[in-house]
There are 2 protein chains.
Amino acid sequence: MTTMAKKITINDVADAAGVSVTTVSLVLSGKGRISEATGLRVNEAIEKLGFVRNRQAASLRGGQSGVIGLIVRDLCNPFYAEMTAGLTDELEKQGKLLFLTQSGAKGQHMQRCFETLVAQGVDGVIIAGAAGQGAELRELAEQKNLPLVFASRASYLDEADIIRPDNMQAAQLVTEHLIKRGHQRIAWIGGRGSSLTRAERLGGYCSTLLKFGLPFHSEWIIECESSQKQAADAITTLLHHNPTITAVLCHNSTIAMGAWFGLLRAGRQSGEGSLDSYYDRHVALAAFAEVMDDELDDLPLTWVSTPAREIGRSAGQRILARAKNGDDEARNQIMPARLVLRSS
Amino acid sequence: MTTMAKKITINDVADAAGVSVTTVSLVLSGKGRISEATGLRVNEAIEKLGFVRNRQAASLRGGQSGVIGLIVRDLCNPFYAEMTAGLTDELEKQGKLLFLTQSGAKGQHMQRCFETLVAQGVDGVIIAGAAGQGAELRELAEQKNLPLVFASRASYLDEADIIRPDNMQAAQLVTEHLIKRGHQRIAWIGGRGSSLTRAERLGGYCSTLLKFGLPFHSEWIIECESSQKQAADAITTLLHHNPTITAVLCHNSTIAMGAWFGLLRAGRQSGEGSLDSYYDRHVALAAFAEVMDDELDDLPLTWVSTPAREIGRSAGQRILARAKNGDDEARNQIMPARLVLRSS
DNA sequence: CTGAAAGCGCTAACAC
DNA sequence: GTGTTAGCGCTTTCAG
């Protein structure tokens with residue numbers, strides 16, 4: 001603690017530059033037409049004094065705070081972490097800032113978070129993982145006349161302004177890919193029955209099978225925790241009882257890793273080769289990936305990705321658009337998945 | 001967009017309750033002695049009007065904003081994600097809020113982030129992953145008279161107010177554990193040579209070996225990316241060339257998973273049993289874990305954890321303490337690791 | 001093109 | 001206990 005550095009305000013700058021505060025403010029925001037000379041003088045003074053504009057005061061008077069609030073269910077979940085990273089990137093790029101709050105796994109603190117953010121004067125709120133409180137929140141936001149955007153992993157019917165992955169299309173994409181590679185007996189491993197994301201993906205998987213006139217067996221759909229060990233065991237059992245299966249869809253990267261080790265153990269390594277040469281020996285693996293996982297680079301599998309980061313970015317653009325224009329345009333934005341092929 | 005709800009201020013509340021703004025303010029902050037009756041009346045009015053206090057205005061006048069800024073290197077890194085989660089938890093518990101910014105992997109945006117946070121009037125800044133810019137930042141903060149706390153994964157010599165894991169102690173802990181279980185030939189797998197965290201851990205590992213008069217072989221220390229495949233290959237090669245090794249320390253959970261599969265493949269499964277019965281057959285595995293990883297539950301290994309979440313929490317407490325008291329007390333806080341035993 | 005002055009919503013002296 | 005009043009630092013009419 002050297003010098004109790006007195007806070008520099010635009011008044012000080014105005015004095016130093018020999019102009020009025022209005023002029024300084026104008027220079028700061030680049031609004032009114034300021035003569036080159038004055039502008040220069042003001043900027044010099046700013047530089048010299050090390051002035052930083054107090055945004056709180058600015059927004060108190062002006063209106064927009066340049067701050068967006070995020071309520072995220074659980075930051076440690078890689079999907080949300082990645083989404084949040086994408087969001088801050090986008091916001092910072094636009095010169096905005098983010099308030100981070102966590103609603104808790106079951107959304108216990110949702111209400112409190114929302115209130116806090118409102119009190120801070122945010123220009124909009126993004127909810128990542130609504131935990132079924134969509135309707136109330138939307139009402140609250142409307143009351144306060146505050147832009148609200150949802151970013152989710154699956155669709156919630158009662159919410160309107162939402163950005164989410166197209167889980168069904170993702171599943172269709174990867175299923176169709178496997179079919180086109182000649183696979184006719186495609187199984188599914190991973191996810192809990194209660195997962196909405198999984199349900200949507202299963203929809204895409206089943207519908208694609210139907211579309212190609214392929215058989216659908218509910219015994220080929222294995223529920224399983226996201227654990228490599230469980231996945232390895234699951235795939236082993238599955239193939240033991242259903243040796244004709246030639247391809248397996250994995251609900252996420254952990255499952256995929258586990259499945260791969262399971263295959264290794266069973267001597268039926270995954271591979272992308274044509275069926276003719278691998279029939280009855282190799283089983284092809286494909287997986288869903290919400291975040292890029294370096295681990296997957298080592299595996300000979302094809303995966304379909306719905307970049308969480310992109311969802312974060314879009315959510316950022318969206319909330320800013322809504323905060324700027326009084327109202328909004330597009331709603332219910334669905335982010336398509338991309339197929340990433342592997343040979344290895 | 002139903003009604004352009006006019007913003008409610010304490011003036012409205014004061015009117016509605018038939019008191020002055022001071023009284024309302026006092027009730028809000030619970031400071032002055034307010035009579036039971038008035039307090040009740042004010043709160044009723046607040047409730048009825050749906051008033052939310054504008055914190056920007058409050059902090060503009062009062063001083064403290066109740067907001068802390070975080071500059072994190074990369075949110076997608078599980079360590080930082082967990083740390084950030086712990087931090088927001090702590091702050092929210094204390095009624096504070098967090099601004100989240102990302103400095104980028106190489107700290108490219110550090111300066112800009114810092115400026116932005118200052119402009120927003122934060123009460124303090126936490127830096128997670130300083131990327132060697134500690135000194136400049138500390139100077140900047142001192143200039144602005146702003147509390148600054150570092151949260152790191154390893155020690156940076158030029159930074160003072162820092163909270164970090166005790167990597168050396170962690171390594172000592174786990175190494176000593178292995179030795180006490182009878183292991184005398186302990187190898188190391190994982191991490192890049194450029195990692196400071198790894199260097200500190202290696203220090204603890206080596207010094208413990210020395211302390212117990214055990215041999216140290218540099219060939220037993222394998223550098224390796226955090227990939228299961230590479231870890232599996234590395235441990236296989238290692239044991240092939242050095243079959244007498246009885247235990248392996250893994251730099252993180254991915255390495256541990258990979259090592260375990262490598263052992264499986266080689267038929268030398270990890271186990272915690274006494275050496276007598278497993279000698280020359282089983283190899284014991286131990287690992288460092290910065291975040292709890294469910295995957296590890298499946299593995300028969302002992303690990304030592306430095307909870308990233310705790311570091312976040314401590315950083316939160318610390319910055320708040322510094323923001324409250326003009327100055328600080330403890331510095332360079334080192335978070336000890338905890339040994340978690342497994343039998344399985 | 002630039003300046004004077006009126007607040008944004010709230011808090012903190014200081015009165016009563 | 002409660003009311004009056006003067007700002008916090010900035011933007012924004014409205015005059016020059």
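These numbers were taken from a predicted model, which means no experiment stands behind them. Sequence lines set the chain letters: A, B, ... in the order given, protein chains first and strands last, and positions in each chain run from 1.
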So which pairs with a foot in residues 67-83 of chain B pass salt bridge (charged side-chain N to carboxylate O under 4.0 Å, His left out), sequence neighbours left out? B:E82-B:R309
How close or far is atom P of C:dC10 from atom CD of B:Q64, stated in whole angstroms? 19 Å
Set of residues satisfying side-chain hydrogen bond (donor to acceptor under 3.5 Å, both in side chains) with respect to A:E310, sequence neighbours excluded: A:R313
Atom pair distance, as rounded to whole Å: CG in B:L28 and P in C:dC10: 8 Å
Pairs of donor and acceptor atoms involving the side chains of residues 91-106 of chain A, under 3.5 Å and at least two apart or interchain, shall be tabulated with distances.
from, atom 1, to, atom 2, distance (Å)
A:E92, OE2, B:Q102, N, 3.0
A:Q94, NE2, A:E90, OE2, 3.0
A:T101, OG1, A:L70, O, 2.9
A:Q102, OE1, A:L75, N, 3.1
A:Q102, NE2, B:A85, O, 3.2
A:Q102, NE2, B:T88, OG1, 2.6

A:N332/A:R164 under side-chain contact (heavy atoms from CB on, under 4.5 Å): CA gap, chis, key distance, verdict: CA-CA 8 Å; A:N332 206 338; A:R164 59 184 175 84; 3.5 Å; yes
Do side-chain atoms of A:R153 reach the backbone of A:G129 as a donor and acceptor pair under 3.5 angstrom? no
Show the nearest heavy-atom pair for residues A:G50 and B:K144, with the distance to one decimal. O-NZ, 3.8 Å
Here the distance between atom P of C:dG7 and atom CZ of B:R61, to the nearest Å, is 18 Å
Output a table of donor-acceptor pairs, distance under 3.5 Å, between side-chain atoms of residues 54-69 of chain A and any protein atom two or more places apart or on a different chain; print 'none' if there are none.
from, atom 1, to, atom 2, distance (Å)
A:N54, OD1, A:Q56, N, 2.8
A:N54, OD1, A:A57, N, 3.2
A:Q56, OE1, B:S59, OG, 3.0
A:Q56, NE2, B:S59, OG, 2.7
A:S59, OG, A:Q56, O, 3.4
A:S59, OG, B:Q56, OE1, 3.0
A:S59, OG, B:Q56, NE2, 2.7
A:Q64, NE2, A:A323, O, 3.2
A:S65, OG, A:V67, N, 3.3
A:S65, OG, A:G121, O, 2.8
A:S65, OG, A:D123, OD1, 3.2

Taken in chain and number order and not counting sequence neighbours, the residues that satisfy side-chain contact (heavy atoms from CB on, under 4.5 Å) with A:L26 are A:T22, A:I34
Between C:dT11 and B:K31, is there an OP1 or OP2 to side-chain N/O distance shorter than 4.0 Å? no
Rounded off to whole Å, could you give me the CG-to-C1' distance for the B:D12 and C:dG9 pair? 10 Å
Which protein N or O atoms sit under 3.5 Å from an N or O of nucleotides 1-4 of chain C?
from, atom 1, to, atom 2, distance (Å)
C:dT2, OP1, A:S35, OG, 2.9
C:dT2, OP1, A:T38, OG1, 2.4
C:dT2, OP2, A:S35, N, 2.9
C:dT2, OP2, A:T38, OG1, 3.2
C:dG3, OP2, A:S20, N, 2.9
C:dG3, OP2, A:S20, OG, 3.2
C:dG3, OP2, A:T23, OG1, 2.5
C:dA4, N7, A:T22, OG1, 3.3
C:dA4, N6, A:T22, OG1, 2.6

Provide the closest heavy-atom pair for A:I126 versus A:A315 in the form atom of the first, atom of the second, distance. CD1-O, 3.7 Å
Checking B:N11 now: which residues fulfil side-chain contact (heavy atoms from CB on, under 4.5 Å) with it, not counting sequence neighbours? B:T9, B:V21
Can you pull out the residues from residues 44-59 of chain B that lie within a 4.0 Å heavy-atom distance of DNA chain C? B:F51, B:R53, B:N54, B:A57, B:A58
B:R138 and B:D161, any side-chain heavy atoms less than 4.5 Å apart: no
Terminal contacting nucleotides, 5' and 3', DNA chain D versus chain A (heavy atom, 4.0 Å): D:dG9 to D:dT12
My understanding is that only residues two or more places apart in sequence, or in another chain, count here; which of them pass side-chain hydrogen bond (donor to acceptor under 3.5 Å, both in side chains) with B:S29? none
Sequence neighbours excluded, which residues qualify as salt bridge (charged side-chain N to carboxylate O under 4.0 Å, His left out) partners of A:D12? A:K6
To the nearest 10°, let me know how far the axis at one end of the helix from C:dC1-D:dG16 to C:dC16-D:dG1 is tilted from the axis at the other, five pairs an end. 30°
Classify the nucleic acid contact of A:T9 as base, sugar-phosphate or nothing, counting any heavy atom under 4.0 Å across all strands shown. sugar-phosphate
